[in-house]
Amino acid sequence: MSIRGLTFGYGMHMCLGRDLDGGLPAGPDTDPDRHQYGIVTRLVQTLLDRDVRPDPDRSAVQDTNTSRMNFSSYPVLLTPEPEA
């Protein structure tokens, strides 16, 4: 099994959604309110903001259809969003 993971590719094999998913590099003149940080970055930030944590009442279920340590289910709890 390779120790390398998958990437977004390069050249003609580059993923068209790479910038949407991973975001764009921020420069010194980047406006933080208009910058494309990427969906993954925003998702992780939202989970951290909402205090994501494993659900103590529902166990994670490992996916038995792969040799990787993946889960078919990983229940979590989130702190409710503050009311606007």
Side-chain angles (χ1 to χ4, degrees):
M1 178 184 295
S2 173
I3 61 169
R4 310 272 190 289
L6 300 175
T7 69
F8 289 107
Y10 183 75
M12 69 182 286
H13 299 286
M14 183 176 69
C15 173
L16 295 176
R18 178 180 73 167
D19 294 341
L20 178 63
D21 186 51
L24 299 171
D29 298 330
T30 298
D31 177 355
D33 293 328
R34 298 183 50 79
H35 183 68
Q36 170 54 275
Y37 289 103
I39 293 170
V40 173
T41 303
R42 294 184 58 116
L43 173 65
V44 169
Q45 184 62 57
T46 300
L47 289 172
L48 293 173
D49 289 347
R50 300 276 304 277
D51 190 30
V52 65
R53 59 209 178 273
D55 185 340
D57 298 325
R58 294 173 31 211
S59 298
V61 177
Q62 188 169 355
D63 186 347
T64 58
N65 295 314
T66 180
S67 60
R68 293 183 179 214
M69 182 66 169
N70 292 340
F71 296 95
S72 60
S73 173
Y74 194 97
V76 298
L77 298 175
L78 302 170
T79 300
E81 260 187 298
E83 292 186 30

Just jot down the side-chain hydrogen bond (donor to acceptor under 3.5 Å, both in side chains) partners of N70, sequence neighbours excluded, or say none.
-> none
Check whether L47 and F71 end up in the same hydrophobic cluster, where Ile, Leu, Val, Met, Phe, Trp and Tyr are linked by side-chain heavy atoms less than 4.5 Å apart.
-> yes
Under 3.5 Å, which donor-acceptor pairs do the side chains of residues 25-35 form with other protein atoms, sequence neighbours left out?
{"unit_1": "T30", "atom_1": "OG1", "unit_2": "G27", "atom_2": "N", "d": "2.5"}
{"unit_1": "T30", "atom_1": "OG1", "unit_2": "G27", "atom_2": "O", "d": "2.9"}
{"unit_1": "D31", "atom_1": "OD1", "unit_2": "D33", "atom_2": "N", "d": "3.0"}
{"unit_1": "H35", "atom_1": "NE2", "unit_2": "L24", "atom_2": "O", "d": "2.8"}

The remaining residues in the hydrophobic cluster of V61, counting side-chain heavy-atom contacts under 4.5 Å among Ile, Leu, Val, Met, Phe, Trp and Tyr, are none
If you measure from CG on D21 to CG on L43, what distance do you get to the nearest 0.5 Å?
-> 10.0 Å
Do N65 and S72 have side chains that get closer than 4.5 Å, going by heavy atoms?
-> no
Working to the nearest 0.5 Å, report the span between OG1 of T41 and CD of Q36.
-> 8.5 Å
side-chain hydrogen bond (donor to acceptor under 3.5 Å, both in side chains) contacts touching residues 73-84 (sequence neighbours left out) = none
Apart from Y37 itself, residues in the same hydrophobic cluster as defined by side-chain heavy atoms under 4.5 Å | none
In short, A60 meets P75 closest at the heavy-atom pair CA-CD, 4.0 Å
Salt bridge (Lys or Arg N to Asp or Glu O under 4.0 Å) partners for R53, two or more places apart = D51
M69 and V76: same hydrophobic cluster, using ILVMFWY side-chain contacts below 4.5 Å?
-> yes
